[in-house]
There are 2 protein chains.
Amino acid sequence: MSISSRFAVGIHILTLIELNKEGVSSSEFLSSSVNTNPAVIRKLMGMLKKSGLIEVRPGIAGAKLTKELSDITLFDVYMAVNVVQEKELFSIHDSPNPDCPVGRNIQNTIEPLFISAQIAMEKVLRNVTLEDVVKDIATKENIC
Amino acid sequence: MSISSRFAVGIHILTLIELNKEGVSSSEFLSSSVNTNPAVIRKLMGMLKKSGLIEVRPGIAGAKLTKELSDITLFDVYMAVNVVQEKELFSIHDSPNPDCPVGRNIQNTIEPLFISAQIAMEKVLRNVTLEDVVKDIATKENIC
DNA sequence: ATTACATGTAATTAAAATAGTTACATGTAA
DNA sequence: TTACATGTAACTATTTTAATTACATGTAAT
C-alpha cells in the first residue's frame, strides 16, 4: 500500500504558504488549491504547527512559516504529518512459531534489514528542502 | 501506513523452504511456522511461483526453490509479493487546482523526489540476499 | 457586546487494503 | 478409488484513508 497523500498535501500547503506570503493563507484558501475540504487542511495545519513548521492561531486567519524554506526538509514534513512511524515502514508478522528455528529468529533477523531500507529512503527526504521544491515550481512557471 | 507483512512472510517462507530442503515444505508445514492459515501461504506460494522463485505443482506436496539462495535478493521477494507498486510508494493527491501555480505544478515537482526516495529504499533490498538471512539465522541458532 | 469569520476538533461516512477463514474444485500418486 | 495437496473464490473483521458535517472556541472590528 502507498504512503498517505497527507505527505504530498503537507508539502503543497507549505509551498503555497511561502508563495502566498504577501497574502493570507487560510484553510479555505489552501483547500481550494489542494482541492479538498478545509477541515482536512486544518487537521494538517494542526500537525504542521505541532511540529513547529508553521504558526497558526485560533481565530486569526492564515498560516505563516516559522523557518526559512531552506531549513525545512521533506523529512521534516514527512515526520510532521505522521505518515510512517519510526522503524515501521515495513510490517512484520507477529507470533511466528517459537518451536521452529526460522520462526523464532525471523523477526530479529529481518528487522534491521527493514530499518536500513527505511533509513535509506528517509535520507533522500532529508536531502531535499522546500526551497528546492519552490525553485522547481518557479522554473516550471518561468518565474525566474 | 506500513507495507504489508506479506513481504516478511514471503522471506520467512523462502528461508524455511531452504532450511527444510531435506523435508517437504507443504503449505500446512509453512503455515505452522508462520502461524497463519494454510490458504494465506498458498496464495503467497502462488505469487512466489509466478515470479519464478519457487516451484510448486498442484497435487504434489511441497515447494522448492528454483535458484540458489545467493541469487535471490529481498528485492525479488518484495516484487514477487506485490507490496508496493512501481513509483507508488508515496501517493500524491490527484486533481489539485490547475488555476494555482502550485496546484498545477506540485505533482510533477514532487513525483521525481518521491521516486528517488523509493529507489534508494529498494536499492538496500537489492543488496541483501536470502543467503544473508539464512546465515544470520544460523548464527543465532549456533548452527555454525 | 455583538457580529463575522477564522481555527480547532469530534463524529460520521465510504472506499480500499489487510489478514484470516471456510469451502471446494482441481490435480497427483498410491 | 482414496487420500491428500495445491489453486482459488467468497466472505468477514479490522484498519486506514480522505471527505464531510457540525459545532465549540478564539479574535477583531463595528
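Because only heavy atoms are used, hydrogens play no part in the values below, and waters and symmetry mates are left out as well, while side chains stay in. Protein chains get the first letters and strands the later ones, always in sequence-line order, with residue 1 at the start of each. None of the values given here were measured: they were computed from a predicted structure.
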Would you kindly give the [atom1]-to-[atom2] distance between [X] and [N], to the nearest whole Å?
X: A/M45; N: C/dT9; atom1: CE; atom2: C1'; result: 14 Å
X: B/N37; N: C/dT18; atom1: CG; atom2: C1'; result: 14 Å
X: B/N82; N: C/dA17; atom1: CG; atom2: P; result: 11 Å
X: B/I41; N: D/dA5; atom1: CD1; atom2: P; result: 15 Å
X: B/E55; N: D/dT6; atom1: CD; atom2: P; result: 14 Å
X: A/K43; N: D/dA18; atom1: NZ; atom2: P; result: 10 Å
X: B/K64; N: D/dA5; atom1: NZ; atom2: P; result: 15 Å
X: A/Q85; N: D/dT17; atom1: CD; atom2: P; result: 9 Å

Q) Any idea how B/F114 and A/F7 line up, ring-wise: parallel (<30°), tilted (30 to 60°), or perpendicular (>60°)? A) parallel
**Q.** Complementary nucleotide of C/dG27, counting Watson-Crick and G-U pairs under 3.5 Å
**A.** D/dC4
Q) In the strands shown, is D/dA13 matched to any nucleotide by a Watson-Crick or G-U wobble pair with both distances under 3.5 Å, and which? A) C/dT18
Between [X] and [N], does any side-chain N or O lie under 4.0 Å from OP1 or OP2?
X: B/S4; N: C/dA19; value: yes
X: A/T36; N: D/dA18; value: no
X: B/S26; N: D/dA5; value: no
X: A/R6; N: D/dT17; value: yes
X: A/S27; N: C/dA6; value: no

Q) Does the B/S27 side chain pair with the main chain of B/R42, one donor and one acceptor, at a distance under 3.5 Å? A) no
Q | B/P58 side chain, from C-beta outward: closest of C/dT28, D/dG7, C/dT21 | A | D/dG7
Q.
Quick check for you: among D/dA19, D/dT27, C/dA29, whose closest atom lies nearest to any side-chain atom of B/I60?
A. C/dA29
Side chains of [X] and [Y], donor plus acceptor under 3.5 Å:
X: A/T73; Y: A/D76; value: yes
X: A/S25; Y: A/N20; value: yes
X: A/T36; Y: B/H93; value: no
X: B/E111; Y: B/Q107; value: no

Q: Using the closest heavy atom to pick a nucleotide of DNA chain D for each, name whichever of A/R42 or A/M1 lands nearer the 5' end.
A: A/M1
Q: Map A/G59 and A/N35 onto DNA chain D by nearest heavy atom, then report which one ends up closer to the 5' terminus.
A: A/N35
Q. How would you label the contact of B/K49 with the nucleic acid (heavy atoms, under 4.0 Å): base, sugar-phosphate, or nothing?
A. sugar-phosphate
Q: Classify the nucleic acid contact of A/A61 as base, sugar-phosphate or nothing, counting any heavy atom under 4.0 Å across all strands shown.
A: sugar-phosphate
